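Taking it in order: structure first as structure tokens, then the write-up.
Only a predicted model underlies this, so the values are computations on that prediction, with no experimental measurement involved. Within every chain, numbering begins at 1; the chains are lettered A, B, ... in the order of the sequence lines, protein sequences first and strands thereafter.
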There are 2 protein chains.
Amino acid sequence: MGRWEPNARERLERAALALFVERGYDATTVAEIADRAGLTKSTFFRHFADKREVMFGGPDALAELFSDAIRTAPPSTAIAGCLAAALESVAAAFTPDRHDLAGQRRTLIATSSELRERELLKLARLGSAMADALRARGADDTTARLAAEVGVLAFSTAFARWAAPENRQPFIEIAHAALRDLQAAATALGADAEPRS
Amino acid sequence: MGRWEPNARERLERAALALFVERGYDATTVAEIADRAGLTKSTFFRHFADKREVMFGGPDALAELFSDAIRTAPPSTAIAGCLAAALESVAAAFTPDRHDLAGQRRTLIATSSELRERELLKLARLGSAMADALRARGADDTTARLAAEVGVLAFSTAFARWAAPENRQPFIEIAHAALRDLQAAATALGADAEPRS
DNA sequence: TAAGTGATGACACCAGGTCTCATCACCGGC
DNA sequence: GCCGGTGATGAGACCTGGTGTCATCACTTA
């Protein structure tokens with residue numbers, strides 16, 4: 001892995017994930033990651049804004065996929081249908097061959113509050129993008145925000161279940177089930193009477 | 001403000017807020033904050049785990065208030081009623097005299113993605129605490145998570161509206177209205193038919 | 001062969017954050 | 001009134017994340 005080999009970014013991502021799994025996120029130095037990739041600290045920060053970002057290279061595109069799916073859904077589609085369409089649009093990214101990788105990534109994020117923070121920021125951006133897309137379809141503010149939150153919740157729980165080691169079900173099915181459950185829960189919560197006590 | 005004056009923590013919080021407002025979060029150094037408070041960098045980090053945390057001293061107690069309120073609600077109370085009780089339990093913290101301070105804090109957080117990340121982490125912990133409390137009351141997992149998310153959403157939008165400069169309404173009213181709107185939106189979302197297209 | 005371009009390395013630098021040790025005020029016992 | 005203990009602080013070394021600058025190298029095109 002010499003200095004001028006291609007795929008510097010990928011090499012850095014792989015080296016980072018490996019080292020994080022070996023020694024933990026905090027105990028791993030950016031210089032060490034760069035070393036293992038045959039590069040230097042300077043180059044690392046040319047490819048990633050900060051140390052956390054090396055774990056979130058892909059999912060940045062998710063927000064676009066989500067909002068595009070919502071925007072291009074047929075006008076007659078109800079809001080829940082938009083959410084389903086959004087989930088379907090990203091399902092292609094979760095193929096069985098990426099399953100193990102996703103699992104490692106998930107357990108790592110769970111161990112570091114620094115990584116957890118970054119994940120929450122990404123999910124919040126995802127939610128904002130969805131809410132914007134829903135408002136663009138004419139949904140009122142409150143509905144758009146709630147629906148976006150439900151969409152994010154459906155996505156993250158579906159992803160967690162899909163990435164679990166023992167899981168063999170395809171992402172799309174898990175996601176639909178999660179969304180369906182949430183919709184039912186929303187009905188129950190909405191129908192909930194005001195406290196009478 | 002000599003070395004042995006009391007209230008070091010408060011002095012640091014005040015100095016930090018003032019400097020952040022003057023120069024912005026990024027342009028302010030921890031050493032400068034400590035200087036203005038008549039203390040040193042060492043002491044700052046003895047009171048706050050990191051630079052962000054100086055902005056989140058109070059709200060850490062919110063999670064406890066929320067889950068306590070949910071746990072101690074009468075058993076007959078419906079889930080929406082639990083959320084309302086939780087919001088009521090923290091309303092005492094948002095008195096008119098803290099209004100301006102909260103506004104400054106809010107605009108600051110909006111300007112720094114570092115602070116936004118931390119806020120999201122706090123809100124996520126709040127949501128987890130609420131979900132735990134709801135599960136302890138017998139709610140199933142999906143319902144608990146959704147309801148907690150709705151509770152967090154109600155709280156954060158209510159807080160944003162309450163902290164707006166032109167607002168004069170008490171927090172509790174705004175919070176109830178936000179929760180009511182969200183409940184209505186949940187009904188609509190739940191009733192949403194499956195996509196037929 | 002020579003100039004230009006883009007990615008990289010080397011290095012200096014700053015700020016956040018940790019750690020250790022000395023110092024000072026205060027408190028209680030004698 | 002002196003003395004030792006305790007707790008908060010100051011001082012400063014140190015590491016790492018992150019930024020900026022400049023030189024270097026490979027590859028391309030004329």
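One can place CG of B:Leu12 at 14 Å from P of D:dA8, the figure rounded to the nearest angstrom. If you measure from atom CZ of B:Phe45 to atom P of C:dA15, you get 12 Å, rounded to the nearest angstrom. What separates CG of A:Asn7 from C1' of C:dG6 is a distance of 16 Å, to the nearest Å. When the C1' atom of D:dT16 is taken as reference, atom OH of A:Tyr25 falls 11 Å away, rounded to whole Å. Computed from coordinates, the B:Asp35 CG to C:dA15 P distance equals 13 Å when rounded to whole Å. Atom pair B:Arg9:CZ and D:dT9:P shows a separation of 12 Å (rounding to whole Å applied). In this structure, B:Glu53 atom CD and C:dG17 atom C1' are separated by 14 Å, rounded to whole Å. Computed from coordinates, the B:Asp26 CG to C:dG16 P distance equals 9 Å when rounded to whole Å.
B:Lys41 contributes a side-chain N or O that forms a donor-acceptor pair with the base of C:dG17 under 3.5 Å. Side chain B:Thr29 to base C:dA15: no donor-acceptor pair is found below 3.5 Å. For A:Arg46 and C:dG9, a side-chain-to-base donor-acceptor distance below 3.5 Å is present, hydrogens and geometry of angles not being considered. With hydrogens and angles ignored, no donor-acceptor pair under 3.5 angstrom links the side chain of A:Lys51 to the base of D:dG18.
Regarding contacts with the backbone of C:dA10, every side-chain N or O of A:Thr40 stays at 4.0 angstrom or more from both OP1 and OP2. Distances shown here put a side-chain N or O of B:Arg52 below 4.0 Å from the OP1 or OP2 atom of C:dG17. Listed pair B:Ser42 / D:dT9 fails the phosphate criterion, with no side-chain N or O lying under 4.0 Å from OP1 or OP2. Proximity of B:His47 to the phosphate of D:dA8: no side-chain N or O atom is located under 4.0 Å from OP1 or OP2.
When heavy atoms are screened at a 4.0 angstrom cut-off, A:Ala31 is found touching no nucleic acid atom at all.
Using cut-offs of 30° and 60° for the angle between ring planes, the A:Phe94 and A:Phe155 rings count as tilted.
Under a 4.0 Å N-O distance rule, the pair B:Lys122/B:Glu53 qualifies as a salt bridge. Salt-bridge check for B:Glu119 with B:Arg116: passed, with a basic side-chain N closer than 4.0 Å to an acidic carboxylate O.
With a 6.0 Å cutoff to the six-membered ring centre and a 45° limit on the axis angle, B:Lys51 does not count as a cation-pi contact of B:Phe44.
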Practice problem: Evaluate side-chain hydrogen bond (donor to acceptor under 3.5 Å, both in side chains) for A:Glu88 paired with A:His176, printing each intermediate quantity in order. | Solution: CA-CA 9 Å; A:Glu88 285 160 15; A:His176 271 135; 2.8 Å; yes
